[in-house]
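Reviewing the structure listed below.
Since this is a predicted model, take the numbers as computed values, not measurements. Side chains included, hydrogens not; waters and symmetry mates left out as well; all remaining heavy atoms used.
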Number of protein chains: 2
Amino acid sequence: MTASKARSGDGDRFGKICQGIRRAILEAALMPGDRLPEDSLGESFGVSRTIARHALGQLAAEGLVELRRNRIATVSAPTPSDARDIFDIRVALERQVVQHLAGTLTDPQVAELKAIVEAEHAARHGPDGASIRLATEFHIRLAELTRKPILIRYVTEICYRAGLSLSSLGRPHSSECAINEHLALIEVIRTGPSDKASQMMAEHLEAVASRALLGGEGRQARDLVSILQPYAED
Amino acid sequence: MTASKARSGDGDRFGKICQGIRRAILEAALMPGDRLPEDSLGESFGVSRTIARHALGQLAAEGLVELRRNRIATVSAPTPSDARDIFDIRVALERQVVQHLAGTLTDPQVAELKAIVEAEHAARHGPDGASIRLATEFHIRLAELTRKPILIRYVTEICYRAGLSLSSLGRPHSSECAINEHLALIEVIRTGPSDKASQMMAEHLEAVASRALLGGEGRQARDLVSILQPYAED
DNA sequence: CCTGCCCAAATCGCATGCAGTTGCGCGCCA
DNA sequence: TGGCGCGCAACTGCATGCGATTTGGGCAGG
């Protein structure tokens, strides 16, 4: 499925485009509403429209890209309410991750996770995009440790969506605390009972969501679309 | 995506194919391993390979279809372990559904849900496929009542995957009890506290999973792939 | 009778071409 | 100056064509 297909490495042009756009979105290089015409996309990745088009379809299925008939594809613009839903789902899924993982981490796994957190620490004063990407990588890596392909897939997808929501709706930045929370998470997953670990993950994600989403001045100009949305539903 | 693109009705050939195959899989008309060549697919839906191919991509992203490079697409063959993961995730997601819904159901909504259960009752002696489809429809309708598009999307997807798992790994049938459980669910969602409703949903889904999955003689010939899988991973 | 090789048919991967739709800019009119 | 409508360029929707790859079945050899 997607996970196995995204595993680019051979001549997988399709996966390359998907991954490229995903990363661009995650790092906030692409912002909601940005246009993604098939032609120019294919050109910049050195392939024909066909593949670019296919990739856009995939990304639309993941919720990162919006596809309207006969219109240029755009980067999705999650509403605050979307963001709320995404984080609710994310909490539910990542609780499962830590529940399955609690007490099973091997030393190399712990080391790998700590290495990611260290990278986060190193990047904490760099561009915003890198921080978000690394934090996301931490959560995805955690999911991958479960070796449950379907869970991995959903966590990955929801993490990307969350990243998009953060970069478009969130405050400029607030990753400082997340780093400590990640370290604490590793510890509690390694040693703690699964309930406690699950609870801590839930609190961590809630903290991320409220630090970034609820506190700040979420709404900019383009938010009028989310305001008008209820009126346009019928 | 599904939600916004499912706005079918006009000339949406793409959505038609997706929905057609989804339904065929859900009703067990298509079984895991069945081949889905682009040509014949497009022919039977009256479109060119291009669209059929695109639809297969979408279904692969949803996990219903397996796509291997240069090979004919096949209906996915979930392993028992996949099925376990799917139901774990499904429990987590549907708990959210009933938590959001508890105590908010309007009378027409209750009536609509009861109508679906009634249809289940009517179809309880018909072909297996119809029962599974209606039970699935119940859960999806429940999710739709939350009006949370992203949650709806994930629940829908996971329900389809669960349906595929049931029809391929499950016993011939055991929907009798599910009908009563659905009725009980409606009641507790309508009146009960959200915790209780959430708990009942979890128990219902666990019951479905264990009735169908754990009890029976899950493994047939093709399961040797899942047996060999761990050895082939590196 | 079983095994292994080789070739033709089936099928996929991808680019390109054409037709239909959108929307943007420019000129016209108030 | 500001609003309106028209026409063209850009873009998408989709089909088809060609080369590459897999498959499975026949034939030769053990």
Are the side chains of [Y] and [X] in contact, using a 4.5 Å heavy-atom criterion?
X	Y	value
B/Arg22	B/Gln58	yes
A/Leu166	A/Phe87	yes
B/Ile158	A/Tyr154	yes

Taking atom [atom2] of [N] as reference, at what distance in whole Å does atom [atom1] of [X] sit?
X	N	atom1	atom2	value
A/Ile72	D/dA10	CD1	P	11 Å
A/Phe14	C/dC12	CZ	C1'	15 Å
B/Asp12	D/dT12	CG	P	17 Å
B/His54	D/dA15	NE2	C1'	15 Å
A/Arg49	C/dG13	CZ	P	19 Å
A/Phe45	C/dC14	CZ	C1'	17 Å
B/Glu66	C/dC12	CD	P	15 Å
A/Glu43	D/dC11	CD	C1'	14 Å

| query | Does A/Arg13 have a side-chain nitrogen or oxygen under 4.0 Å from the phosphate oxygens OP1 or OP2 of C/dC14? | reply | yes

| message | Please confirm whether the shortest side-chain N or O distance from B/Ser48 to OP1 or OP2 of D/dA15 is below 4.0 Å. | response | yes

| note | When the rotation axes relating C1' atoms of four end pairs to the next four are compared across the helix from C/dC1-D/dG30 to C/dA30-D/dT1, five pairs an end, they differ to 10° by 10°

Between [X] and [Y], does any side-chain N to carboxylate O distance fall below 4.0 Å?
X	Y	result
B/Glu206	B/Arg84	yes
A/Glu137	A/Arg133	yes
A/Glu157	A/Arg153	yes
A/Asp12	A/Lys16	no

| remark: Out of D/dC11, C/dC12, D/dA15, minimum distance to the side chain of B/Val47 belongs to D/dA15

| Counting side-chain heavy atoms from CB outward, which of D/dT12, D/dA15, C/dT11 is closest to B/Thr50? | D/dA15

| Once the angle between the rings of B/His139 and B/His182 is folded into 0 to 90°, is it parallel (under 30°), tilted (30 to 60°) or perpendicular (over 60°)? | perpendicular

| Under 4.0 Å protein heavy-atom contacts per nucleotide of nucleotides 19-24 of chain D, with B for base, S for backbone only and - for none | --SSSS

| request: Going by the side-chain contact (heavy atoms from CB on, under 4.5 Å) test, name the single residue among A/Leu30, A/Thr74, A/Ile72 that passes it with A/Leu36. | output: A/Leu30

